[in-house]
Amino acid sequence: MPASLCGTWDMISNVNFDGYMSALGISVYLRKIALRLKLRKVIEQQGDQYIIKTLSTFRNYAISFKTGQVFEEFTKGLDNRHIKSTVTWQGNKLTCEQVGEKKNRGWAHWVEGDKLHLELHCDGEVCKQVFKKNVNE
Ligand code: YOG
């Protein structure tokens, strides 16, 4: 059983977020705002049902899904695309494949020690984010 992803996690590093956002076609204006954000992840799980919230002072985003079942994702307030997403466990990584207009799009979450890791990819761009557990929330 992989370590639980559940909890409140605060971003401590963010590498190539700009490249990832460029690949998604986000404007320079929004990228500049987004680059300053300290993102928070709130992850809840009940069996194979998950909710992942991405919170910030600027915008929030949330998805809800069951592992192994394709779902319609609308990336509202992000790049505003309709995609077909599937989340599955690949070893210790909770991975999502996002099929749509953008090629090779998806993400993977995993826990290492007391850190939550997230790799976001689109086209050839890979963004790496690390979060530390917030024990107060
Ligand atoms: O998370 O897919 O945890 O959904 C990445 C934003 C910035 C708006 C955040 C708002 C991509 C302007 C979601 C940021 C850039 C930039 C706070 C990453 C798009 C627009 C919401 C993600 C997965 C995995 C769960």
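As the structure lists them, so they are numbered: ligands from 1, and atoms in each ligand from 1.
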> With only distance considered, is His109 within less than 3.5 Å of ligand 1 through an N or O on each side?
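Indeed, backbone or side chain, His109 has an N or O that close.
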> Give me the residue, atom name and distance of the protein heavy atom closest to atom 13 (C) of ligand 1.
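Looking only at protein heavy atoms, the one closest to atom 13 (C) of ligand 1 is Leu78 CD1, 4.0 Å.
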> With distance as the sole test, does His109 use its side chain to make a donor-acceptor pair with the main-chain N or O of His117 at under 3.5 Å?
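Yes, His109 side chain to His117 backbone: donor-acceptor pair under 3.5 Å.
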> Given Leu5, Val42, Leu116, Ile26, which one has a non-hydrogen atom that is nearest to atom 19 (C) of ligand 1?
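Ranked by closest heavy atom to atom 19 (C) of ligand 1, first place is Ile26.
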> Purely on distance, is any nitrogen or oxygen of Asp79 under 3.5 Å from one on ligand 1?
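No; the residue has no nitrogen or oxygen that sits under 3.5 Å from a nitrogen or oxygen of the ligand.
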> Within a distance under 4.0 Å of any heavy atom of Met21, pick out the atoms of ligand 1 and give their elements.
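Under 4.0 Å from Met21, ligand 1 has these atoms: 15 (C), 16 (C).
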> Does only the side chain of Leu120 get under 4.0 Å from ligand 1, or the backbone, or both, or neither? Count heavy atoms.
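Leu120 to ligand 1: side-chain contact only, backbone stays beyond 4.0 Å.
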> Is the side chain of Thr54 donor-acceptor paired with the backbone N or O of Asn60 at a distance under 3.5 Å, no angle test?
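Not at all, since once roles are kept as given, no pair shorter than 3.5 Å links the two residues.
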> Heavy atoms only: which of Leu39, Leu30, Thr57 lies closest to atom 14 (C) of ligand 1?
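Closest candidate by heavy-atom distance is Leu39.
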> Which protein non-hydrogen atom lies closest to atom 8 (C) of ligand 1, naming both residue and atom, and how far is it?
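Going by distance alone, atom 8 (C) of ligand 1 is nearest to Gly77 O, 3.7 Å.
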> Would you tell me whether Ser85 and Glu73 have side-chain atoms, one donor and one acceptor, within less than 3.5 Å of each other?
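Side chains of Ser85 and Glu73: pair found under 3.5 Å.
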> Which residue and non-hydrogen atom of the protein lie closest to atom 23 (C) of ligand 1, and at what distance in Å?
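Protein heavy atom at minimum distance: Trp107 NE1, 3.7 Å.
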> Keeping Arg105 on the side-chain end and Leu24 on the backbone end, is there a donor-acceptor pair under 3.5 Å?
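Judged by distance alone, no pair lies under 3.5 Å.
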> Mark up the atoms of ligand 1 that fall under 4.0 Å of a heavy atom belonging to Arg59, in ascending order.
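Listed by number with element, the hits are 17 (C), 21 (C).
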> Just do the side-chain contact (heavy atoms from CB on, under 4.5 Å) check on Leu94 and Trp89 with the steps written out, would you?
CA-CA 5 Å; Leu94 189 70; Trp89 282 102; 3.6 Å; yes
> When you look for heavy atoms under 4.0 Å from ligand 1, do you find them on the side chain of Lys41, its backbone, both, or neither?
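Within the 4.0 Å criterion, Lys41 contacts ligand 1 through side-chain atoms alone.
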> I need the minimum non-hydrogen distance between Val126 and Asn16, along with the two atoms involved.
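Closest heavy-atom pair between Val126 and Asn16: O-ND2, 3.0 Å.
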> Tell me, please, which residues at least two apart from Glu44 pass side chain to side chain donor-acceptor pair (under 3.5 Å).
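Lys53.
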> With a cut-off of 4.0 Å, which atoms of ligand 1 are near a heavy atom of Ile63?
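This gives 4 (O), 25 (C) as the contact atoms.
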> Please write down residue, atom name and distance for the protein heavy atom closest to atom 11 (C) of ligand 1.
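Nearest neighbour among protein heavy atoms for atom 11 (C) of ligand 1, to 0.1 Å: Tyr20 CE2, 3.9 Å.
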> Look at atom 12 (C) of ligand 1 and say which protein heavy atom is nearest, naming residue and atom and giving the distance to 0.1 Å.
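Minimum-distance protein heavy atom for atom 12 (C) of ligand 1 reads Ala34 CB, 4.1 Å.
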> Please check if any side-chain donor atom of Gln90 sits under 3.5 Å from a side-chain acceptor atom of Thr88, or the reverse.
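Present: a donor and an acceptor within the cut-off.
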> Provide the full list of ring pair (Phe, Tyr, Trp, His ring centres under 6.0 Å) pairs with a residue in residues 14-52, sequence neighbours left out, each pair given once.
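Listed once each, the pairs are Tyr50-Phe65.
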> Taking 4.0 angstrom as the limit and counting only heavy atoms of Ile52, give me the atoms of ligand 1 inside it, by number and element.
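In order of numbering, the contacting atoms are 3 (O), 25 (C).
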> Got the closest protein heavy atom to atom 9 (C) of ligand 1, with its distance?
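Sorting protein heavy atoms by distance from atom 9 (C) of ligand 1 puts Thr54 CG2, 4.1 Å first.
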> Closer than 4.0 angstrom, basic N to acidic O: yes or no for Lys103 and Asp123?
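Judged by the 4.0 Å cut-off on N to carboxylate O distance, Lys103 and Asp123 do not form a salt bridge.
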